Amino acid sequence: MPEGPSIVILKDLIKDLYLGKPEVLEVAGNAKNIDKDRLLHQKIIDFKSWGKHFLICFKDFTVRIHFMLFGTYLLNQEKKTPLTLGLVLKKDVLNFYTCKVDLLEGNVKEHYNWENDIMAEEWNSRAAIKKLKDMPEALVCDVLMDQQIFSGVGNIIKNEVLYRIRVHPLTKIKSLPPAKLKALVKEARNYSFDFLKWKKENTLSKHWEVYSQKECPRKHNIEKKELGKTHRQTYYCEKCQKLYHQKEK
DNA sequence: TCCCTTGTTATGAA
DNA sequence: CTTCATAACAAGGG
């Protein structure tokens with residue numbers, strides 16, 4: 001569920017149902033961070049996504065849903081786990097489980113910059129490159145997960161992008177040849193759209209080249225280690241992916 | 001049954 | 001004050 005492309009699937013699914021502005025007829029769920037009465041009898045004016053955030057926009061505020069690691073949603077269905085937020089609309093019921101819910105006041109555009117949403121039309125690769133150049137000591141496995149640079153990229157995308165560009169996860173930004181830096185930014189977006197396509201086809205895992213794999217496409221052994229600041233699992237091929245070192249003067 | 005994870009934040013140490 | 005590391009939380013699949 002949680003990486004950016006999956007949120008786009010949810011947004012598209014719901015947007016297709018509602019060309020108009022549905023009114024919230026009932027609000028259910030145990031979400032504590034928000035005053036549910038705020039939503040009652042209000043019209044939803046838009047559904048948006050930003051990175052891993054799903055946004056339900058009202059005139060004066062926006063409800064933000066973050067699915068974290070285990071979050072799910074159901075359309076016109078229920079399940080046994082406690083409901084975090086349920087919205088009853090005229091035609092449909094939207095149920096969200098195991099997610100974090102927040103209310104953002106005012107215009108949603110004041111809260112987000114879509115230039116760093118990896119899935120957005122507004123995506124700005126030059127801005128991403130500039131931010132990367134400002135953190136020369138950072139590791140490539142960490143920067144890909146940085147939501148201020150690549151909003152929407154998660155652990156799967158991180159691993160697959162690094163394999164695609166044949167760069168070792170422990171390479172520092174300052175050591176990356178310029179062409180590889182560009183490729184990093186370009187593939188972060190490219191792979192995210194492949195992820196979107198394959199997720200819709202239900203073939204995502206079939207296309208993994210390193211993530212959760214035992215060997216890479218060239219039949220080399222895959223390493224699986226907790227790397228980077230956050231110690232997230234990193235899958236990579238020592239033979240295919242090059243560890244760049246900055247040249248000593 | 002146990003182990004693992006598409007993620008983030010609160011907390012406290014340094 | 002800031003930065004960093006660790007703990008905490010969650011549900012379902014293999």
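Since the model is a prediction, treat every value here as computed from it, not as a measurement. Below, chain A is the first sequence line, B the second, and so on; all start at residue 1.
- The distance from the NZ atom of A:K206 to the CD atom of A:E201 is 8.5 Å, given to the nearest 0.5 Å.
- Dashed line: the shortest gap from a side-chain N or O of A:H66 to OP1 or OP2 of B:dT8 is under 4.0 Å.
- Between C:dG12 and B:dT9, the distance separating the two C1' atoms is 23 Å to the nearest Å.
- Within the 4.0 angstrom heavy-atom criterion, only backbone atoms of the sugar-phosphate kind lie near A:K224; the bases stay farther away.
- Below 30°, between 30° and 60°, or above 60°: for A:H53 and A:Y112 the angle between ring planes is above 60°, a perpendicular geometry.
- Among the nucleotides B:dT6, C:dT6, C:dA10, the one closest to any side-chain atom of A:H231 is C:dT6.
- Side-chain N/O atoms of A:R232 include none lying less than 4.0 angstrom from OP1 or OP2 on B:dT5.
- Inter-residue side-chain proximity for A:Y18 and A:L89 is flagged as met; some heavy-atom pair is nearer than 4.5 Å.
- Taking only side-chain atoms of A:T81, from C-beta outward, the nucleotide of C:dA10, C:dG12, B:dT6 with the closest atom is C:dG12.
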query = Passes salt bridge (charged side-chain N to carboxylate O under 4.0 Å, His left out), A:R164 versus A:E187? Steps please.
reply = CA-CA 8 Å; A:R164 277 191 172 186; A:E187 277 308 317; 2.9 Å; yes
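- Closest to the side chain of A:Y235, from the set C:dT6, B:dT5, C:dA11, is B:dT5.
- Taking the six-membered ring where tryptophan is involved, the planes of A:Y191 and A:F195 are perpendicular, since the angle between them exceeds 60° and thus also 30°.
- A:K80 comes within contact range of no nucleotide atom at all, as no heavy-atom separation falls under 4.0 Å.
- Of all nucleotides listed (B:dT5, B:dT6, B:dG7), B:dT6 comes nearest to the side chain of A:I156.
- Distance A:K206 NZ to B:dT6 P: 21 Å, rounded to the nearest Å.
- Between the CZ atom of A:F96 and the C1' atom of C:dA11 there is a distance of 18 Å, rounded to whole Å.
- Under 4.0 angstrom from either OP1 or OP2 of B:dC4 there lies no side-chain N or O belonging to A:Q233.
- Residues A:T230 and A:E226 both approach DNA chain B. Their nearest nucleotides, taken by heavy-atom distance, put A:E226 toward the 5′ side.
- In this structure, the CG atom of A:L144 is 16 Å from the C1' atom of B:dG7, given to the nearest Å.
- In this structure, C:dT2 forms a base pair with B:dA14, meeting either the Watson-Crick or the G-U wobble geometry with both donor-acceptor distances under 3.5 Å.
- Taking the side chain of A:E3 as heavy atoms from C-beta on, and the options C:dG12, B:dG7, B:dT5, the nearest nucleotide is B:dG7.
- Here the P atom of nucleotide B:dC4 and the CG atom of A:N155 are 15 Å apart, to the nearest Å.
- The NZ-P distance, from A:K52 to B:dG7, rounds to 4 Å in whole Å.
- With ring centers used as reference points, A:Y236 lies under 6.0 Å from A:H168.
- For the pair A:F67 CZ and C:dG12 P, the interatomic distance rounds to 14 Å; values are reported in whole Å.
- Comparing A:M68 and A:T72 against DNA chain C, the residue whose closest nucleotide sits nearer the 5' end is A:M68.
- As a whole-Å value, the separation of A:N33 CG from B:dT8 P is 16 Å.
- Look at the C1' atom in both C:dA5 and B:dT6: the space between them is 23 Å, to the nearest Å.
- Rounded to an integer number of Å, the gap from CG of A:L69 to P of B:dT9 is 13 Å.
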